[in-house]
Structures are given as structure tokens and as C-alpha cells.
Amino acid sequence: LVWASAERSPVDTEAGAARFDALIEADEKIEPRDWMPDGYRATVIRQMAQHAHSEVIGMQPEANWITRAPTLLRKAILMAKVQDEAGHGLYLYAATETLGVSRDELNELLHTGRQKYSSIFNYPTLSWADIGAIGWLVDGAAIVNQIVLQRTSYGPYARAMVKICKEESFHARQGYSIMMALANGTEEQRAMAQDAIDRWWWPALMMFGPHDSESPHTEQSMAWKIKRITNDDLRQMFIDQTVPQAHYLGCTIPDDDLVFNDETGHWEIGEIDWEEFWSTIKGDGRLNRERISHKVAAWDDGAWVRDAAVAYAAKRRDRLQASA
Ligand code: BYC
């Protein structure tokens, strides 16, 4: 999908392109009204929209456990986290709208499968330990990616990331706190923690996308500084920071090939199941259909709220005009 910018004369295009290149070269931000290549606009829309959709769809697996959180404190924390995800979706949709696409259009693209959301949210949350594993591994992976996106070249996206990263780091800590409680608990609780790691480890690694050699967008997105670090390098950063945390919990990583390379100072992993990755992002993961149908139902159920808000805004505008 390409959202073309308004009709431009060749002279404007030449000057605009030169200014765009200079801004990128100088590590400065591109702002909504700046000239930008149509491909840049389309790529930023695609990535920000996918990111926004991920935040909103990500509320489903976690909300599944709000009523069953083991204590009042854990319940309050989980509710706050799920609300944060809605807020992240909101900033990201608002940032995407600065490029001339509406929230309604973005929702339509998600609901009809023409835009994606993160593969990670197609896996079920089977036990309370999954809420710990999501916070620690999923939010942990999200932060590694998002810290770097604070330096992305599109201004509204970079600025949205600053607040999101602060909240994500609280999310990751709450996840690790759940894992610590389970790791220090009974044998059954330790087994729950290990089972959650066994199921979430590989999907968390898939969040970073395909290998660089299989990633159609990386080269151009790096040149435009939309992406600042490649998929494989970000994945490695996550692995290096997370393996010792798993060991600290007294848990194991479900990978027989995992080995620490003394020379490079990095943990090396076995091969990711790329067939599972591609089939999940093409819509054939375990929960793709369920996630989208739940989202569409929530959107339809909320129609009266949107209608009421529009009617209220119109009434208010009429009243203000009448009293002017
Ligand atoms: N899932 O050329 P590539 C969170 C797609 S959740 C689905 O490498 P790119 C949270 C990719 O879109 C995390 N699709 O692409 C919320 C492309 O498809 P199309 C949200 C994936 O864009 C609640 C194709 O594969 N974070 O924060 O250069 C609770 C080829 O890939 C995935 C973000 O969205 C995937 N994992 O790089 C807890 C971060 N990977 O459009 C946590 C922002 C790849 O060509 N996004 N694809 O058909 C990014 O940084 C980049 O878009 C990616 C992919 C690294 C994900």
C-alpha cells in the first residue's frame, strides 16, 4: 500500500529530496509536513501501524488473566499494564495519522488482514506463569527493539517511543517479579515457570523478524534510518541479556544447541523454526482467527460509543457557534 503525498512539481521534488537526504544524513528527524519519498511514508505507516495493532491485540492474552490473578496486588498491576498497552496503541495510531491515514482506515486494514500485528500474540496464555513470561520475555524483547526506535528518523514515532519505553520497562520488571516468585515457590510453581519459558522462548525470538538475509525491508529501512539496528543484531542483544536472567531463576532455555562463545562473548542459539514464523504471520498461527474476530467484535460493540462521541462533539460545536 502506498499513500502518495500530494501532487508535486519536479522542482519541489528535487529540493525536497535533497533536504530529506540532508536531514537523514545529519541524523535529524523527519516531521509530518516535510517532503519525504512515497516509499518512506509507506514504510513508516506500515511499521507504526503494525506496532500499534500489536499493542492493541496484545491486550487480549493478558486480559485473559485479570480475573484470575493470584492476589489483589497482582490484579491491580496487570490491569495497569493492560491499560498501558491501550495507551501505547493510542500514541502509535495518533503518530501514524500524522502521515495522512485515518484510524478508521488502519482498523479496517487490520480487521481485513491487510496489515499485520506481532506474531507473538498468536500463542495462548495457559497459566499464570505465562503472564510472568510475557512481561519478562515479550516486553523484554519489545524494549530491546523500542529503545533503539527512540532514534528512528520519523519524529512522531521516535517521540512516542520515549514514554512507551519507560512503561515497558515497568512491564518487564513486573514479569520478572512474577517469575522470581514462582522460582522461589513450590516445586509445582517452579515447574509452571519452566513450562512457560519452554513455550515462550522461541516465539519471543521470532518477534525480531526474519534473518537479515531473508528480510526484504531491512536494507532500505536502515538507509532511511527507520531501523537503526538489524533484526539479527537486535535478537542477539536480547539473547545475551536474557539467558543469564533465566539461569538466575534456576531455569533452563529450551535449546540443546545453546552455547556461550568465549571468543565473541555472545550466546549462540540453535535454528529458529522459520516455517512456524512464516505460517503465523501469514495468518495460520494458533490464534490468528480468534484474535481478529475478538477485535472485530469489540470494534462493532463499541460503535455506539463512537457515535455518541461524534454526536456530542457536534452538539457542543453547534452550542458554541450559537453563543458566539
Ligand atoms: N510479527 O523485512 P522485515 C509489544 C513481517 S509487541 C509479524 O524484517 P521490518 C507489546 C514484516 O512486517 C511488539 N510480522 O520487516 C504489546 C514484513 O511484512 P510485510 C511490537 C512480522 O518491518 C503488548 C515481513 O515480515 N513492536 O510491544 O523491516 C504487550 C518481513 O520482515 C514480524 C513492533 O512492532 C513479526 N514478529 O522488520 C507486550 C516493533 N517480523 O509488511 C508487548 C516495530 C517481521 O512486508 N517493528 N514481520 O508483509 C519493527 O521493528 C519491525 O517492523 C520488525 C520487522 C523488526 C518487527
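Read the numbers this way: they start at 1 and go in the same order the structure lists the ligands and their atoms.
At a heavy-atom cutoff of 4.0 Å, ligand 1 is surrounded by R46, Q47, Q50, H51, S54, E55, E62, E85, K116, Y117, S118, S119, F121, V138, D139, A142, N145, Q146, L149, Y157, E168, M206, M207, F208, G209, P210, S215, P216, H217, K227, N231, F277, I281.
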Show me the donor-acceptor pairs within less than 3.5 Å that the side chains of residues 298-319 make with the rest of the protein, sequence neighbours left out.
| residue | atom | partner | partner atom | Å |
| --- | --- | --- | --- | --- |
| W304 | NE1 | D301 | O | 3.3 |
| R306 | NH1 | W299 | O | 3.1 |
| R306 | NH2 | W299 | O | 3.0 |

Donor-acceptor contacts under 3.5 Å from residues 240-254 side chains, at least two apart:
| residue | atom | partner | partner atom | Å |
| --- | --- | --- | --- | --- |
| D240 | OD1 | Q236 | NE2 | 3.0 |
| D240 | OD1 | W267 | N | 2.9 |
| D240 | OD2 | H266 | ND1 | 2.4 |
| T242 | OG1 | F238 | O | 2.6 |
| Q245 | OE1 | W136 | NE1 | 2.8 |
| T252 | OG1 | Q194 | OE1 | 3.4 |
| T252 | OG1 | Q194 | NE2 | 3.2 |

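Each of E167, E62, E168 was scored for a salt bridge (charged side-chain N to carboxylate O under 4.0 Å, His left out) with K81, with one residue passing: E62.
Between Y93 and H53, the ring center distance clears the sub-6.0 Å criterion.
Here R190 pairs with E187 under the side chain to side chain contact (heavy atoms under 4.5 Å, CB included) rule; sequence neighbours left out.
Classification of D284 and R289 as a salt-bridged pair holds, one side-chain N sitting under 4.0 Å from a carboxylate O.
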